[in-house]
Amino acid sequence: MISISSLNKKFGKLHVLKDINITFEMGVSYAMMGPNASGKTTLIKSILGMVIPNSGTILVNGEDIKDQWLYRSNIGYMPQIGKYPENIKIGQVLSMIQNLRKDKNQYDTDLVEDFGLLQMLNKPMGTLSGGTRQKVSGALAFMFDPDIYILDEPTAGLDPLAVEALKKKIAKERAKGKLIIITSHILSDLDELTSHAIYLSDGEVFYNNSIEILKSETGEEKFSSSIARLMEWSEEKIKKTSIEL
Amino acid sequence: MINQINLTIPLTTSGKGYIHCFLWVFLMAVFIPFDLVGQKPKVLEVREGEQIKKAIEKAQPGDTIVVYPGIYREHEIIVQKSLTLIGIDFPVVDSEENGDIFLIAANSTTVTGFELINTGHSNLNDHSAIKVFDSNHLRVENNRILNSFFGIHISNSKNITIRDCFLEAYELSSQRTGNGIHLWKSDTALIANNFIAGHRDGIYLEFATEVETSHNIVEKNNRYGLHFMFSHDNSYYHNEFRNNDAGVAVMYTRNVVMEYNLFEDNLGSGSYGVLLKDISNSTIRYNRIVNNSIGIYMDGSNNNTFEHNLFRRNGYAIKLLASNDGNYLGKNNFIGNTFDISTSGMIITNELHKNYWDKYEGYDLDRDGYGDVPFRPINMYSTIVERIPSAIILWRSFMITLLDRAERVIPAITPENMKDEKPKMRPHDIDFKLE
Amino acid sequence: MIKLLKYSLYNILRTKFTLLYTAFLLLATFSIYNLDPDLAKVSLSLLNVVLLVVPLICIIFGTVHFYNSYEFMELMLSQPINRSTVFISQYLAVGLSLCLAFVIGVGIPMILYGADLALLVLLAVGVMLSLIFTGLAFLASVLTRDKAKAIGITLLFWVYFSLIYDGLILYLIYVFYDYPLEHATLAMVMLNPVDLARIIMLMQLDISALMGFTGAFFQDFYGSMKGNLISFGVLLIWILIPFYFSRRVFLKKDI
């Protein structure tokens with residue numbers, strides 16, 4: 001469980017996260033959405049401790065993460081753009097992380113196999129396409145059997161086969177009652193994988209409710225249409241506030 | 001030969017009166033040893049519990065006194081006749097701070113094999129272990145002189161040999177020590193193979209001429225290792241002057257020869273490897289001048305030759321006051337000195353020729369072993385440091401190196417004519433005759 | 001920590017830069033020895049390498065490497081690993097590999113051709129300067145996200161410590177030359193690691209000149225063990241300062 005309360009983050013003058021309050025429950029799968037620069041990635045990085053918030057608290061499984069790091073062993077993180085040292089090989093990356101993480105000694109290698117990484121263990125990271133890097137990121141995120149998954153644009157750049165494998169894996173983990181947070185621009189993926197919608201707009205939580213309720217509130221049958229409606233609303237709001245100002 | 005004449009004349013004149021006979025005896029005395037003259041020299045023995053003084057009173061000129069091991073608490077042992085004093089296994093003569101031990105005013109006297117200790121201190125009387133005056137043909141050999149005020153103090157004497165002596169004073173402040181070997185108004189002397197430490201001046205010569213000083217080791221004295229004034233025509237070979245408080249200072253003298261000496265570790269603001277004040281027509285060659293604050297300091301010294309010396313790791317290898325003229329510096333090696341030469345004046349008429357300077361960065365296109373562009377040994381920064389000593393703190397910094405480079409290309413504040421036209425590319429191979 | 005350090009070191013060794021650096025130092029030192037085998041001369045020539053080249057290379061490489069290993073650090077920070085551990089292992093990896101390159105590059109010729117105390121002190125001073133300038137490189141790197149800007153800052157550090165600062169001292173000495181300046185200049189020297197390293201070497205190479213100055217303070221400082229101990233102590237502090245501050249910034253930095 002992750003509870004975020006009164007979270008604020010500024011980059012210089014830019015107020016990126018404005019008083020965010022969200023609680024992510026175990027067993028729920030969240031779709032985190034919002035236009036570009038709405039603060040999704042900053043929020044994720046705050047949860048991971050990579051971005052240090054200006055104020056507010058983040059509790060992961062009940063504990064404040066400030067100046068902590070061990071809690072990250074409960075989180076499988078798949079970054080939007082996986083960055084890796086150029087000159088080391090896929091196999092080395094995997095074994096290095098395994099080696100460094102003494103907290104777990106059983107490895108879930110489903111995705112390593114399903115993504116076909118076993119055949120490419122000797123390829124240096126620098127030579128890989130974006131998609132293959134994504135595969136490595138995915139494999140790492142799922143390797144240590146965490147309670148929480150944070151997947152930032154997981155399917156971007158993946159080939160259809162890999163997307164299928166990943167979705168299958170996510171569904172499997174979801175069935176185990178784990179907490180999953182996914183950001184994506186591909187609404188069909190979210191429709192399949194998530195049950196709860198969070199919409200961020202201009203650094204604020206614009207919408208936070210289950211997808212069922214979202215559909216009924218917007219009066220739309222389809223997930224994608226209800227999200228489209230949500231986007232319209234949020235833009236109207238922004239226009240209003242700017243006129244008021 | 002001269003020795004015998006001097007001894008025998010007083011003896012023969014006391015005999016019968018004929019001139020004929022006198023002449024005959026005189027001739028005999030010249031050519032025939034003592035025992036035929038009738039006055040047979042005796043050997044007197046002194047053992048522990050007896051007094052050396054008594055033996056000397058008893059002895060006739062020409063006698064030998066042998067002193068056996070033991071401690072003899074005596075002082076002011078006066079020797080006024082020719083005697084040979086021999087200590088066996090270093091009998092100790094302890095003055096117990098009462099003053100001079102041997103006082104010698106006699107010709108042809110020898111003192112050898114003694115340990116002379118504790119003369120006590122007196123600036124009025126110059127207490128000495130061996131004090132000599134008005135003597136000729138004196139030998140002081142193989143003695144140990146410990147904790148004395150003056151060690152060997154000689155005045156107004158001739159034909160002196162001081163060798164193989166060990167002199168060490170324990171007092172540390174210079175007011176309480178006298179000189180190790182002190183010669184005043186004397187000539188023709190040999191000072192060789194002595195070790196002198198802890199005195200005020202190790203070797204002090206004033207108005208002493210024709211002195212040869214060689215193979216001495218002089219160290220840790222409170223003022224100068226070697227100090228002479230008005231002592232012309234002297235030579236200094238193979239001595240080691242080390243870690244003396246003010247190094248070596250020589251003044252007001254001409255025709256000095258200094259060769260194969262080592263001047264080392266004289267560190268401090270008033271310390272010199274060699275200080276030359278008013279020294280002229282002298283030769284300083286084959287010396288090693290190492291690790292001194294100032295290697296050679298020259299003031300009012302003219303027409304001297306410095307050749308084949310090694311200047312190594314000195315603060316200043318040579319410091320010249322403007323008052324020096326006509327000196328020649330050739331074929332020396334300058335290695336690892338902070339500053340090679342510094343001077344207080346702009347016009348310098350001393351000659352530099354074929355020295356090796358480790359700071360030289362020129363080239364030798366014609367391959368004759370000498371650089372094709374002259375070397376200017378005066379560092380611009382040394383003149384700044386002379387004026388503002390704390391500026392030394394920036395020495396060897398990148399900025400100072402840049403300034404120095406610029407100065408060497410276009411001399412602005414250093415004398416333009418102070419240069420070695422033929423700087424050697426490689427160090428000279430100098431034979432210091434080290435055993 | 002050790003494992004992370006191992007991987008960080010491995011990362012650096014793969015770039016081959018340290019190999020090049022070692023080769024450069026070997027070549028330079030060998031040629032210095034061959035030009036003039038006199039140890040005093042060797043110390044002097046190497047002194048310029050140690051005071052100018054080593055800091056420059058350390059600070060540039062430190063900065064470039066910090067940015068190049070940004071991905072690595074990011075990857076590490078998404079794992080349950082302490083930020084401080086990530087930072088320290090990065091610092092140590094860069095610092096140690098530069099020190100190792102220096103010790104090998106300068107030390108091997110010393111073993112082959114011989115060394116005196118001054119050269120050994122120079123070796124120690126070089127190691128300390130390497131660590132100090134690695135720290136300064138990290139400081140510049142954590143202060144800005146922009147690699148070019150960071151390299152600009154590092155170059156400024158270098159020029160400042162090796163040239164500008166001495167200019168300031170010289171200016172002060174000139175302006176206030178009739179005042180007793182020993183304490184002031186010595187204090188100023190303490191504020192610049194390059195100067196401090198130089199003073200330590202002066203005490204090896206030019207002690208006879210330093211001892212030639214009047215003033216009990218100078219004699220006391222230079223002539224005794226005290227001067228050396230103080231200088232080395234302050235140099236150690238100089239290693240810690242940029243390290244401490246850069247670590248502090250890194251702990252609060254958004255990755």
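We name chains A, B, ... by the order of the sequence lines, and we start the count at 1 in each one. Being a predicted model, the structure only gives us computed values, none of them experimental.
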Legend entry - Contact class of Leu394(B) relative to chain C, heavy atoms under 4.5 angstrom: both

Inset, instruction - Step through the shown structure and confirm whether more than 12 heavy atoms of other residues, nucleotides or ligands are within 6.0 Å of OH on Tyr113(C). - result: yes

Inset, instruction - Please check if the side chain of Arg198(C) supplies one atom and the backbone of Trp395(B) the other of a donor-acceptor pair under 3.5 Å. - result: yes

Legend entry - Choice from Leu39(C), Leu51(C), Leu205(C) maximising heavy atom contacts with chain B below 4.5 Å: Leu205(C)

Inset, instruction - State the CD1-OG1 distance between Ile388(B) and Thr185(C), to the nearest 0.5 angstrom. - result: 11.0 Å

Legend entry - Check: Lys41(C) side chain, Ile335(B) main-chain N or O, donor-acceptor pair, under 3.5 Å: no

Inset, instruction - Could you grab the distance from atom CD1 of Ile393(B) to atom CD1 of Ile169(C), nearest 0.5 Å is fine? - result: 7.0 Å

Legend entry - Contact class of Ile199(C) relative to chain B, heavy atoms under 4.5 angstrom: side chain

Inset, instruction - Answer yes or no: does atom NZ of Lys147(C) have more than 12 heavy-atom neighbours from other residues, nucleotides or ligands under 6.0 Å? - result: yes

Inset, instruction - Go through the atoms of Ser271(B) and report whether side chain, backbone, both or neither lie under 4.5 Å from a heavy atom of chain C. - result: neither

Inset, instruction - Against chain B, label Leu172(C) side chain, backbone, both or neither, depending on which of its atoms sit under 4.5 Å from a heavy atom there. - result: neither

Legend entry - Any Tyr174(C) side-chain heavy atom under 4.5 Å of Ile384(B) side chain: yes

Inset, instruction - Give a yes or no on this: more than 12 heavy atoms of other residues, nucleotides or ligands lie within 6.0 Å of atom NZ of Lys331(B). - result: no

Legend entry - Region of Asn292(B) that comes under 4.5 Å of a non-hydrogen atom in chain C: backbone

Inset, instruction - Working to the nearest 0.5 Å, report the span between CE of Met211(C) and CD1 of Ile294(B). - result: 12.5 Å

Inset, instruction - State whether the number of non-hydrogen atoms from other residues, nucleotides or ligands found under 6.0 Å of Asp178(C) atom CG is greater than 12. - result: yes

Legend entry - Close side-chain approach of Tyr165(C) and Met399(B), heavy atoms under 4.5 Å: no

Legend entry - Toward chain B, the part of Leu210(C) with a non-hydrogen atom under 4.5 Å: side chain

Inset, instruction - Answer yes or no: is there an ion pair linking Asp38(C) with Arg312(B), defined by an N-O contact shorter than 4.0 Å? - result: yes

Inset, instruction - Against chain B, label Leu52(C) side chain, backbone, both or neither, depending on which of its atoms sit under 4.5 Å from a heavy atom there. - result: side chain

Legend entry - Candidate pair Leu403(B) and Leu170(C), rule side-chain contact (heavy atoms from CB on, under 4.5 Å), full reasoning: CA-CA 12 Å; Leu403(B) 288 176; Leu170(C) 188 67; 4.2 Å; yes

Legend entry - Proximal component of Leu47(C), with respect to chain B [non-hydrogen, under 4.5 Å]: side chain

Inset, instruction - Of all the heavy-atom pairs spanning Gly336(B) and Ala40(C), show the shortest one and how long it is. - result: CA-CB, 4.3 Å

Legend entry - Contacting moiety of Tyr381(B), where chain C heavy atoms sit under 4.5 Å: side chain

Inset, instruction - State whether Arg396(B) and Asp206(C) are salt-bridged, where the test is any N-O pair (Lys NZ or Arg NE/NH1/NH2 against Asp/Glu carboxylate O) under 4.0 Å. - result: yes

Inset, instruction - Give a yes or no answer on whether the side chain of Ser208(C) reaches the backbone of Ser293(B) with a donor-acceptor pair at less than 3.5 Å. - result: no

